[in-house]
Amino acid sequence: MVLDWREEMNIDHGGLDADHQEQHDLIRRFVAMAGAEDQRDAALDVLYTLRRQSVRHFAREERVQASIRFPHIAEHQQQHARLLELLDEVIEQVEARESAFEFGYLKRKADEVLQFWFLDHFAKADLKLRQHLSKYTPR
């Protein structure tokens, strides 16, 4: 089960939070879907949307980081690239209709990967950004 979004997860009370919430909601939507074969195309639609949204979000986040001279920007950019690679791998596996694995199995594994994908990066990298952004935000 995907963690519910909480106020404590907000970073900038603006565009970055809206992006994170959208990613979170897309992952929740994907996880809530059935693993039945007739749901594969709908699942792929969610994954494609998540990828497009993530590319936009990562670019926005990196622009913000550059503008405030975030000290961990290079590491963060590398993580974003790796996250997109992982997402591409998930999409490729779900797309593969001639796989040795049934869609239900792939879907369950994708559920786990996507939740980890989001929460691990968010907790280890994005929360560092919140601490740095707080220096630039009026109280």
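A continuous path of hydrophobic side-chain contacts links L84 to V46 [ILVMFWY only; heavy atoms under 4.5 Å]. Using a 4.5 Å cut-off between side-chain heavy atoms of Ile, Leu, Val, Met, Phe, Trp and Tyr, with links allowed through other members, V31 and L106 fall into different hydrophobic clusters. Under a hydrophobic-cluster definition in which Ile, Leu, Val, Met, Phe, Trp and Tyr are linked whenever side-chain heavy atoms come within less than 4.5 Å, directly or via other members, L83 and L127 are assigned to the same cluster.
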Starting from the C-alpha separation in whole Å, work towards a yes-or-no answer on salt bridge (charged side-chain N to carboxylate O under 4.0 Å, His left out) for E37 and R97. CA-CA 10 Å; E37 181 61 40; R97 295 181 193 273; 3.7 Å; yes
Begin from the C-alpha positions of H13 and E7 and carry the test side-chain contact (heavy atoms from CB on, under 4.5 Å) through to its verdict. CA-CA 9 Å; H13 299 282; E7 178 64 27; 2.9 Å; yes
Between I91 and L50, is the side-chain contact (heavy atoms from CB on, under 4.5 Å) condition met? List the steps. CA-CA 10 Å; I91 290 170; L50 176 61; over 6 Å; no
Full working for side-chain contact (heavy atoms from CB on, under 4.5 Å) between L87 and V113: CA-CA 9 Å; L87 185 53; V113 168; over 6 Å; no
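Both the sub-6.0 Å distance and the 45° axial angle are satisfied by K107 relative to the ring of F30.
Each of E22, E62, H20 was checked for a side-chain contact (heavy atoms from CB on, under 4.5 Å) with H57, and the lone residue meeting it is H20. Just one residue in the list D88, V90, L26 forms a side-chain contact (heavy atoms from CB on, under 4.5 Å) with L47, and that residue is V90.
Not a single side chain to side chain donor-acceptor pair (under 3.5 Å) links R63 to another residue, sequence neighbours left out.
For the atom pair CD1 (I73) and CD1 (I68), the distance works out to 8.5 Å, reported to the nearest 0.5 Å. The line from CG of D19 to CD1 of I11 is 10.0 Å long, rounded to the nearest 0.5 Å.
Residues E75 and H80 have side chains that never bring a donor and an acceptor to within less than 3.5 angstrom of each other. Looking at Y105 and Q93, their side chains never bring a donor and an acceptor atom within 3.5 Å of each other. A donor-acceptor contact closer than 3.5 angstrom links the side chains of R52 and T49.
Pairs of residues two or more places apart, or lying in two chains, that qualify as salt bridge (charged side-chain N to carboxylate O under 4.0 Å, His left out) and include a residue from residues 119-128 are D120-K124.
Around atom CD of E85, more than 12 heavy atoms belonging to other residues, nucleotides or ligands sit under 6.0 Å away. A 6.0 Å sphere centred on CZ of R40 holds more than 12 heavy atoms belonging to other residues, nucleotides or ligands.
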